[in-house]
Amino acid sequence: MKTLLLAVLAALSLSACVSVTATGDLGVVIERADGKVAVVNTTERTVLAEIDGLGDLSHASVVFSRDQRFAFVFGRDGGLTKVDLVTQRIAGRVLQSGNSIGGAISQDGRLVAVSNYEPGGVRVFDADSLEMVADIPTGSKVVGLVDAPGRRFVFSLFDAGEIWMADFSQGPSPRMTRYANVGKQPYDALITDDGRTYIAGLFGEDGFALLDLWHPERGVRRVLDGYGRGEQPLPVYKMPHLEWLTVSGGLAYLPAIGRHEVLVMDTATWRQVGAVPVLGQPVFIVAQPDKRRLWVNFAFPDNDKVQLIDVESRSVAATLTTGKGTLHLEFTPRGEEVWLSLRDEDAVSVWDVATLTPITRLNIAKPSGIFFTPRAYKTGM
Amino acid sequence: MTAALRLVAMLGAVALSVPAVAAEPPPNRQAELLALLHQDCGSCHGMTLRGGLGLPLTPERMDALSVESISETILSGRPGTAMPPWAPFMTADEARWLATQLQTGGNPP
């Protein structure tokens with residue numbers, strides 16, 4: 001009898017230990033209208049929890065702590081919220097400015113930087129305590145903030161047409177490097193996954209500004225200059241996002257602005273080698289993890305479709321009608337499935353990448369960005 | 001000026017002043033326009049219209065402008081800036097109705 005009781009107790013305590021949460025297949029979906037995020041599981045394709053009280057999340061983005069436990073959510077109202085994916089609760093929140101746009105986490109995972117529109121600048125916080133470590137006013141709207149190796153953050157100034165680098169390698173007061181006259185109205189930027197090349201897209205002219213972080217002393221140079229060949233640009237109903245630089249087979253793919261094209265660039269010379277015509281203004285260009293095809297979504301009024309570009313033939317291989325308000329897409333870590341947010345259908349749709357067919361839908365209100373935890377290990381994510 | 005010409009000029013003035021009483025779009029179209037305002041205009045102006053890459057479109061700021069000038073900006077955009085023309089997607093009456101919604105802070109999302 002006594003041994004039986006012990007056995008039961010042992011079993012109970014074992015089962016208590018079993019309820020661990022592995023974060024490797026989790027993710028966060030922004031519910032932009034309700035100030036909520038949904039915590040999702042990409043293996044089970046389920047919503048695990050909805051977390052409330054994150055403020056204005058139109059245009060929100062997310063980075064992850066290096067242990068994949070915490071999601072740092074950057075809201076439009078200047079809110080920086082630290083969400084614990086294990087307990088599914090808010091672990092900390094600061095309202096750090098009036099109007100912000102994005103953020104980044106340092107290589108060592110200790111600093112979280114937020115870029116702000118109003119007042120323009122970058123603020124840097126301790127990732128543990130969310131206490132402010134540094135304040136970098138710029139007098140201009142800040143876009144395209146990324147982390148770079150060596151505890152650096154790089155960002156662009158929309159109004160001033162500059163690129164700044166803040167180097168925190170020596171401690172909490174950053175060493176600043178400023179590059180002026182990089183081009184008119186940089187609207188977003190990205191860093192290559194090796195952390196070497198920072199590229200800002202320009203809205204006010206046809207071209208991109210490139211900074212080689214292996215040789216910051218060489219300054220910023222212009223690439224893909226004049227890709228529009230002086231033609232009258234088409235109206236742009238939504239700004240493209242430079243989130244990933246899709247490099248496959250030595251070629252990189254970037255969205256044109258005011259032209260329904262994906263620009264193709266040789267990464268050895270950073271010269272344009274072609275352009276793939278697509279059906280609308282490209283917004284996100286994301287490669288499948290095997291890099292064989294690129295998935296492109298579009299600005300209003302073409303935001304119900306996604307086109308796939310085959311990198312071998314450099315042409316559109318498929319056009320999918322994915323649903324109204326297709327705002328963002330994220331691949332599962334090894335790329336067998338892709339999740340698409342359908343804002344105007346209040347759903348996230350999961351597609352099979354091999355067969356190009358939808359598998360299931362999750363009911364999520366006004367979804368926008370989708371962020372899976374493997375981003376924790378990627379520079380610039 | 002001949003009487004006939006003066007009449008034409010007067011008619012012109014009348015025609016110009018008519019749009020101030022913009023025809024209201026039917027309710028389902030109003031819902032579409034408000035969704036467009038908060039979602040698609042919101043991608044630049046912020047979903048709550050408090051500003052982003054585009055200027056804030058708050059009632060305090062919109063009240064300082066005329067319905068005509070707001071709807072003209074909506075229909076034609078502002079060349080040389082990121083503000084695109086919306087004439088392909090709405091009529092002049094609908095743009096005026098949206099302008100009045102902006103001035104009254106119409107239906108937050």
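Naming convention: chains lettered A, B, ... in sequence-line order (proteins, then strands); numbering from 1 in each chain. Side chains are part of it too, since the values below use all heavy atoms of this structure and drop only hydrogens, waters and symmetry mates.
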Note to self: Taking atom CZ as the centre, does B:R29 end up with more than 12 heavy-atom neighbours from other residues, nucleotides or ligands that are less than 6.0 angstrom away?
What the structure shows: yes
Notebook entry, point to check: Is the CG atom of B:D63 crowded by more than 12 outside heavy atoms at less than 6.0 Å?
Noted result: yes
Part of [X] within contact of chain B (heavy atom distance under 4.5 Å):
X      : answer
A:K366 : side chain
A:R343 : side chain
A:N303 : side chain

Next item on the list: With rounding to the nearest 0.5 Å, note down the distance linking CZ in A:R76 to CZ in B:R50.
Entry: 10.5 Å
Margin query: Quick check for you: to the nearest 0.5 Å, what is the distance between A:M239 atom CE and B:C44 atom SG?
Written below: 5.5 Å
Note to self: To check you understand the geometry: which heavy-atom pair defines the closest contact between A:K238 and B:S43, and what is its length?
What the structure shows: CG-OG, 3.9 Å
Notebook entry, point to check: Relative to the ring of A:Y237, is the ring of B:F89 parallel (under 30°), tilted (30 to 60°) or perpendicular (over 60°)?
Noted result: perpendicular
Checklist line | Between A:V236, A:L57, A:D159, the one whose heavy-atom pairs under 4.5 Å with chain B are most numerous | finding: A:V236
Checklist line | Residue, of B:C41, B:A35, B:A82, that accumulates the most heavy atom pairs under 4.5 Å with chain A | finding: B:A82
Margin query: Tell me which of these, B:G77, B:G80, B:G46, B:G42, has more heavy-atom pairs under 4.5 Å with chain A than the rest.
Written below: B:G46
